[in-house]
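Following: one structure in structure tokens, then a few remarks.
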Amino acid sequence: MSIWEYANPKKFIATTTPLVPWLMWTSVAILCVGLTWGFFFTPDDARQGSTVKIFYLHVPSAMMAINAWIMMLIASLIWLVRRHHVSALAAKAAAPIGIVMTVMALFTGAIWGQPMWGTWWAWDPRLTSFLILFLFYLGYVALWAAIEDSDTAADLTSVLCIVGSVFAVLSRYAVNFWNQGLHQPASLSLDKEENVADVFWYPALVCIAGFVLLFVALVLMRTATEIRLRRMRALEMRMRG
Amino acid sequence: MIPDLGKYAVEVLAAYGVSIALLLGLIGASVWRSRKVRARLATVEAAREAGR
């Protein structure tokens, strides 16, 4: 069995439709556990006080904002190389989820930054590249909406996605490239010395798992919606003609 | 019930409130659109079958 079988829209819908409710409810349950754990059952940080609880929202949403764009990049490259419509529609379906994750990361970052840094916003390399990534998301969605022919829209948005990937990478690694700015280096690391304390790490892991699963469930559901919408438009055109 | 959040209560509660609202909005909008498109497609397919 090849993965390319799922490039067939019928096969994609038949396979994913029964999975989506399970994925959705599991992700909601995991998120409830992770956020309840983080909010109610973790201690305050010695320096940051109770604002450390924002960590369980800020870090997973920022990770998903970047990962959603990387997923869109892979789907766009598959479209450009193999011309599978499902991959172009999957990229299109992921963009609004990425926007919500970016808004969430920017909002929680600002509201966390104000008491810790004394400012809502700074033109710091990581924050600035994240804001540019958000603008790329908006441009991506606007470009899909502006072009009537779906193949042309998929081509142009794929190119935009490749260009925007620079900022997706920068928003993750900018703090390593430029050793300046307010934002601290990555809080999570596989190196135990650099990683946050276990008491914060375990609930954060649960929240990240919940966000990832929610993203997968939403992408599958929204891709199926885009496939149905495409079929509906094709049928309507055939009936009119 | 709510833990003592000290002087940062507003910031923490606002972060959780807005984030949960955004997540629920995203899930709700996705489910609503999915159902709407499925229903419309079923109507179009039924009309096509009837027209054959």
Side-chain angles (χ1 to χ4, degrees), chain A residues 17 20-21 24 27-28 31 35 38-44 48-58 60-61 93 96-97 99-101 103-105 107-116 210-211 214 217-219 221-222 224-236 238-239, chain B:
Chain A
T17 302
V20 167
M24 186 69 80
S27 68
V28 170
L31 274 176
L35 292 176
F39 187 81
F40 289 99
F41 304 109
T42 55
D44 288 356
Q48 303 185 53
S50 63
T51 61
V52 74
K53 294 182 192 297
I54 299 173
F55 177 71
Y56 309 107
L57 294 163
H58 180 70
S61 59
I97 309 168
I99 289 179
V100 171
M101 294 296 160
V103 168
M104 198 187 296
F107 178 77
T108 53
I111 212 160
W112 195 359
Q114 213 290 327
M116 293 301 109
F211 270 81
L214 180 66
L218 287 172
V219 167
M221 184 202 285
R222 297 178 68 96
T225 302
E226 293 297 335
I227 291 170
R228 289 189 178 104
L229 207 54
R230 191 170 178 272
R231 174 167 166 74
M232 195 178 77
R233 283 176 188 148
L235 286 177
E236 282 175 342
R238 233 179 280 168
M239 284 162 71
Chain B
M1 183 65 188
I2 293 182
D4 180 17
L5 301 170
K7 59 181 177 177
Y8 302 124
V10 173
E11 285 85 351
V12 177
L13 291 175
Y16 273 78
V18 170
S19 298
I20 290 169
L22 281 170
L23 286 177
L24 290 177
L26 176 65
I27 295 170
S30 303
V31 171
W32 177 78
R33 188 159 177 262
S34 167
R35 286 183 181 166
K36 197 176 109 180
V37 169
R38 271 169 111 147
R40 274 177 62 194
L41 178 59
T43 309
V44 172
E45 281 181 333
R48 183 172 166 249
E49 284 298 313
R52 270 187 179 175

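If you run side chain to side chain contact (heavy atoms under 4.5 Å, CB included) between Met104(A) and each of Ile20(B), Val18(B), Leu23(B), only Leu23(B) comes through.
For Leu57(A), the part lying under 4.5 angstrom from a heavy atom of chain B is the side chain only. Looking at Thr17(A), only its side chain comes within 4.5 Å of chain B, counting heavy atoms on both sides. Residue Leu218(A) touches chain B through its side chain alone, counting heavy-atom pairs closer than 4.5 Å. Of the atoms belonging to Leu214(A), it is side-chain heavy atoms, and not backbone ones, that fall under 4.5 Å from chain B. For a residue to count as touching a neighbouring chain, one of its non-hydrogen atoms must lie under 4.5 Å from one of that chain's; by this rule Phe41(A) does not touch chain B. At a 4.5 Å heavy-atom cutoff, the contact between Leu13(B) and chain A is made by side-chain atoms alone. At a 4.5 Å heavy-atom cutoff, Arg233(A) makes no contact with chain B through either its backbone or its side chain.
Enclosure of atom CZ in Arg48(B) by more than 12 non-hydrogen atoms of other residues, nucleotides or ligands within 6.0 angstrom is indicated.
Here Val100(A) is the residue among Thr108(A), Val103(A), Val100(A) with the most heavy-atom pairs under 4.5 Å with chain B. Counting heavy-atom pairs closer than 4.5 Å to chain B, the top residue among His58(A), Met101(A), Met239(A), Met24(A) is Met239(A). When each of Val44(B), Asp4(B), Thr43(B) is scored by its heavy-atom pairs under 4.5 Å with chain A, the top score falls to Val44(B). With chain B as partner, the option from Tyr56(A), Phe211(A), Phe107(A) having the largest number of non-hydrogen pairs under 4.5 angstrom is Phe107(A).
Between Ile111(A) and Ala15(B), the shortest heavy-atom contact is CG2-CB, 3.8 Å. Between Pro115(A) and Tyr8(B) the shortest heavy-atom distance is CB-CE2, 3.5 Å.
For the atom pair OG1 of Thr51(A) and NZ of Lys7(B), the computed distance is 10.0 Å after rounding to the nearest 0.5 Å. Between atom CD of residue Glu11(B) and atom CD of residue Gln114(A) there is a gap of 7.0 Å, rounded to the nearest 0.5 Å. Residue Leu41(B) holds its CG atom at 9.0 Å from CG of Leu229(A), rounded to the nearest 0.5 Å.
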Table please: side-chain donor-acceptor pairs of residues 26-33 of chain B below 3.5 Å, with sequence neighbours left out.
| unit_1 | atom_1 | unit_2 | atom_2 | d |
| --- | --- | --- | --- | --- |
| Ser30(B) | OG | Arg222(A) | NH1 | 2.8 |
| Ser30(B) | OG | Leu26(B) | O | 2.8 |
| Arg33(B) | NH1 | Glu226(A) | OE2 | 3.2 |
| Arg33(B) | NH2 | Glu226(A) | OE2 | 3.3 |

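Contacts of Glu236(A) classified as salt bridge (charged side-chain N to carboxylate O under 4.0 Å, His left out), with partners at least two apart in sequence or in another chain: none.
Panel note: side chain Tyr16(B), backbone Lys53(A); a donor-acceptor pair is recorded below 3.5 Å.
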